[in-house]
Amino acid sequence: MGANVNNFHFICYTELNMPIATSYFIKAQIPGTTLEQLLLLYKREIRIGGADEVYIENNMVRFSGTAFRIGRHPGKFADFTDGKLIITETSTEYLVSLEASWPKTIMLFSVFFTNLRNNLEQELWGLR
């Protein structure tokens with residue numbers, strides 16, 4: 001079961017090794033952008049999004065959230081207990097895949113993930 005929305009494909013899976021969201025960047029639209037830049041941008045956004053632990057390993061950003069937060073509003077990535085965002089580079093695209101434990105608000109997360117991708121692309125345009 002899935003639905004395409006712009007450069008985003010939402011897939012309903014509950015297993016950690018199955019993607020729950022995918023997206024992509026077309027290299028020609030963000031010339032000069034490197035895999036490392038994308039990993040750092042996603043790492044920043046995942047940390048801002050409430051993940052407790054975030055680190056880069058090879059071509060992925062690994063993260064974990066926490067089930068209970070006291071005294072602050074949890075971010076979108078806080079709902080995941082464990083996850084990884086994998087970026088695969090091809091000759092023409094950067095393919096982004098999110099594998100994570102099932103969040104509480106998956107439908108709202110799909111909109112957030114699409115907006116995050118679009119915001120990062122606009123930021124990369126500004127770096128040219």
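Keep in mind that what you see is a predicted model, and the values were worked out from it rather than measured. Atoms considered below: every heavy atom in the structure, side chains included; atoms not considered: hydrogens, waters and symmetry mates. Residue numbers run from 1 in the order of the sequence given.
Evaluation of the side chain to side chain contact (heavy atoms under 4.5 Å, CB included) rule for Thr90 yields Thr92, Glu93, Leu95 as partners, not counting sequence neighbours. With sequence neighbours left out, Glu53 forms a salt bridge (charged side-chain N to carboxylate O under 4.0 Å, His left out) with no residue at all. With sequence neighbours excluded, the residues that form a side chain to side chain contact (heavy atoms under 4.5 Å, CB included) with Thr33 are Ile30, Gln37, Leu38, Leu124.
Rounded to the nearest 0.5 angstrom, Glu99 CD and Asp82 CG are separated by 10.5 Å. Atom OH of residue Tyr94 and atom CG of residue Leu120 lie 13.5 Å apart, to the nearest 0.5 angstrom. Distance check, rounded to the nearest 0.5 Å: OG of Ser23 to CG of Asn118 gives 7.0 Å.
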> Hey, mind stepping through Leu98 and Thr22 against side-chain contact (heavy atoms from CB on, under 4.5 Å) and telling me if it holds?
Replying inline: CA-CA 6 Å; Leu98 180 71; Thr22 61; over 6 Å; no
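What you find for Val61 and Tyr42 is that their closest heavy atoms are CG2-CB, 4.4 Å.
Other cluster members for Tyr55: none, since no ILVMFWY side-chain heavy atom sits under 4.5 Å from it. Alongside Ile48, the hydrophobic cluster contains no other residue (criterion: ILVMFWY side chains under 4.5 Å).
Between Arg47 and Phe63 the shortest side-chain heavy-atom distance does not fall below 4.5 Å. Using a 4.5 Å heavy-atom cutoff, the side chains of Leu85 and Met60 are not in contact. Looking only at side-chain heavy atoms (C-beta outward), Val96 and Ile86 stay at 4.5 Å or farther from each other. Residues Glu57 and Lys84 are not in side-chain contact: their nearest non-hydrogen atoms beyond the backbone lie 4.5 Å or more apart.
Between the side chain of Arg117 and the main chain of Tyr24, a donor-acceptor pair closer than 3.5 Å is present.
Sequence neighbours left out, the pairs with a member in residues 31-44 that pass salt bridge (Lys or Arg N to Asp or Glu O under 4.0 Å) are Arg44-Glu123.
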